[in-house]
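Let me begin by presenting the structure, written as structure tokens, before commenting on it.
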Amino acid sequence: MSFNKKTIEDIQVKGKRVLVRCDFNVPMKDGKITDENRLNGALPTIKYLMEKGAKVILCSHLGKAKGPDPSLTLAPVAMRLSELLNKEVVFAADDTVVGDNARKAVSVAKDGDVILLENTRFRKEEGKNEDSFSQDLASIADVYVNDAFGSAHRAHCSTVGVTKFVDTAVCGYLIQKELKFLGEAVQNPTRPFCAILGGAKVVDKIAVIENLLDKVDTLIIGGGMAYTFFKAQGYEIGKSLLDEERLDYAKEMMEKAKTKGVKLLLPVDNRIAPEYADVEAKITEDQNVPEGYMGLDIGPKSEKLFAYAVREAKTVIWNGPMGVAEFKNFAAGTVAVAKAMADSGATTIIGGGDSAAAVNNLGFGDKMTHISTGGGASLEFLEGKELPGIAALNNK
Ligand code: AMP
């Protein structure tokens, strides 16, 4: 995707009501935010707009609300943002999102003030991109800014619909940053370029594998996905995850990699268990998983092989764990990849989701060049798809 969208620096915002779609879909436990990556990611845009004297109106979805749901209120986000910005963020607690509280807060706001609206998914129209909610959002704004990279792959009222009802729709710093790193890596990588894909399901990564095979020098496939590739090569996989319907696809991709001169690396050994449980791991000699066992992580030889490929690369992108990293006995492969990337001098990009959580939990966050705030969005970007929430913004 070539980037030709207007940004917040291309427009005048002083005294204007600026509606900013953020991605505050943060993990919470007992009303406490447990990972602030997305809040921190939103701060540069919010601070810029405050400094330029905009009346800043923030909105976001949280969780999978299908209407008003007190357990999914954005109130805790308003509190934490107030601390991070060192300024009160007025929370407009309307179940209708744009209700009396929001309208009143906007009407009395001074330049530089910040308001947060309630969870956009409290409105049923949000996910269906219906005009009624888009119009409500637009009715309290002069300008719209999308900075929610993590939601940019969804055509909802607050990401796409609202742009029909405002004259000015531009992107914020986070979206610019995400597109810069992901875009440059994919379109113009410093080579060798290595992509690492893991996770459970082949089907989720089909389009990514196809698109990346045209771009990378090395493609590493680990995690549950690898067993379908093993089976396609004739190895025994025991009770490991298998996607029977994609066996031909796996063969095709291995052929395609050969034709394109891409080095396709699969694991060469496994950590296995008799059942899907966090029990002590047995290590296999080679790719084969004996009957009665399932592969739950890559083995130590594979860790070395993958770490070597990472060391050789100048650009590395990673999406998806190498095993069941939630189990302490099967986290080693994922940790090894994270560590190899953290130790590497390459441009290192983490494509959101589970891999981002793993890297942050291990304390390697600041060792990576970029950790995407969007799991689904970064995958769709890596598939080469246009993201509707970005496509809808004004061109330069
Ligand atoms: P995804 O959402 O496709 O990125 O997959 C992430 C999930 O894949 C995590 O919850 C892992 O536990 C799971 N996973 C990774 N490797 C395996 C494996 N070998 N067997 C079963 N599940 C796996």
Side-chain angles (χ1 to χ4, degrees), residues 25 27 35 64 150 153 195-210 212 219-233 235-246 249-250 253 265-284 286-290 292-303 306 317-338 349-362 371-383:
N25 185 29
D35 180 344
K64 295 200 160 73
H153 58 312
I196 308 169
L197 297 177
K201 293 196 208 125
V202 182
V203 61
D204 291 352
K205 307 268 157 69
I206 281 181
V208 184
I209 295 174
E210 285 210 66
L212 288 180
L219 178 64
I220 295 177
I221 295 182
M225 281 203 299
Y227 297 96
T228 301
F229 287 80
F230 281 169
K231 181 85 180 173
Q233 288 174 299
Y235 294 118
E236 295 300 324
I237 63 163
K239 298 194 285 183
S240 308
L241 278 184
L242 168 66
D243 184 344
E244 292 248 24
E245 283 172 35
R246 320 273 170 214
Y249 167 82
M253 287 306 110
L265 290 182
L266 288 159
V268 290
D269 57 353
N270 308 281
R271 287 186 168 85
I272 60 169
E275 58 192 336
Y276 183 82
D278 196 3
V279 294
E280 200 182 327
K282 278 197 163 69
I283 295 168
T284 60
D286 55 21
Q287 288 88 341
N288 291 293
V289 176
Y293 283 86
M294 56 177 71
L296 294 180
D297 194 9
I298 61 172
K301 284 191 270 190
S302 312
E303 285 173 20
F306 294 177
I317 281 194
W318 178 29
N319 191 300
M322 293 292 101
V324 185
E326 303 92 314
F327 292 166
K328 74 175 186 332
N329 288 295
F330 298 96
T334 301
V335 174
V337 164
I349 295 167
I350 311 295
D354 287 333
S355 346
V359 163
N360 284 326
N361 290 341
L362 290 165
I371 300 182
S372 177
T373 53
S378 71
L379 267 187
E380 290 202 14
F381 188 84
L382 296 179
E383 288 172 10

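Nothing here was measured: the structure is a model prediction, and the numbers come from that model. Order of listing sets the numbers, starting from 1, for every ligand and every atom in it. Throughout, numbering of the chain's residues begins at 1 and tracks the sequence.
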Would you say [atom1] of [X] has more than 12 non-hydrogen atoms from neighbouring residues, nucleotides or ligands within 6.0 angstrom?
X      : atom1 : value
Lys239 : NZ    : yes
Glu236 : CD    : no
Lys201 : NZ    : no

Give the residue and atom name of whichever protein heavy atom lies nearest to [atom], and the separation in Å to one decimal.
atom                    : result
atom 2 (O) of ligand 1  : Asp354 OD2, 4.1 Å
atom 21 (C) of ligand 1 : Leu241 CD1, 3.5 Å
atom 11 (C) of ligand 1 : Glu326 OE1, 3.6 Å
atom 15 (C) of ligand 1 : Gly323 O, 3.2 Å

For ligand 1, which atoms, with element, lie under 4.0 Å from some heavy atom of [X]?
X      : answer
Val324 : 12 (O), 15 (C), 16 (N), 17 (C), 18 (C), 20 (N), 21 (C), 22 (N), 23 (C)
Leu296 : 19 (N), 20 (N)
Tyr227 : 19 (N)
Gly199 : 1 (P), 3 (O), 4 (O), 5 (O), 6 (C), 8 (O)

| field | Side-chain donor-acceptor contact under 3.5 Å, Asp269 with Thr284 | value |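 Side-chain D/A pair, Asp269 to Thr284: absent.
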| query | Any side-chain donor-acceptor pair under 3.5 Å between Thr228 and Asp243? | reply |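 Result is no, nothing qualifies.
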Side-chain contact test, heavy atoms from C-beta onward, threshold under 4.5 Å: evaluate it for [X] versus [Y] and give yes or no.
X      : Y      : result
Val289 : Met294 : no
Phe327 : Tyr276 : yes
Gln287 : Val268 : yes

| For ligand 1, is there an atom lying under 4.0 Å from some heavy atom of Lys205? |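 True for this residue.
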| request: Work out whether the distance between some heavy atom of Phe330 and some atom of ligand 1 is less than 4.0 Å. | output: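 For ligand 1, residue contact (heavy atoms, under 4.0 Å) with Phe330 is absent.
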| query | Should one rank Ser355, Ala358, Gly198, Ala200 by closest heavy-atom distance to atom 13 (C) of ligand 1, which comes out on top? | reply |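 Nearest heavy atom to atom 13 (C) of ligand 1 lies in Ala200.
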| message | Looking at non-hydrogen atoms alone, which of Gly224, Ser240, Gly333 comes nearest to atom 18 (C) of ligand 1? | response |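 It is Gly224 that holds the nearest heavy atom.
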| said: I'd like to know whether Asn270 forms a side-chain hydrogen bond (donor to acceptor under 3.5 Å, both in side chains) with Tyr227, so could you lay out the CA-CA distance, the side-chain angles of the two residues, the decisive distance to 0.1 Å, and finally the verdict. | reply: CA-CA 10 Å; Asn270 308 281; Tyr227 297 96; 2.9 Å; yes
| Which part of Asn319 is near ligand 1, with near meaning a heavy atom under 4.0 Å away: side chain, backbone, both or neither? |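 Contact part for Asn319 vs ligand 1: neither.
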| task | Ignoring angles and geometry beyond distance, decide whether Gly295 reaches within less than 3.5 Å of ligand 1 through its nitrogen or oxygen atoms. | result |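 Min N/O separation from ligand 1 is below 3.5 Å for Gly295.
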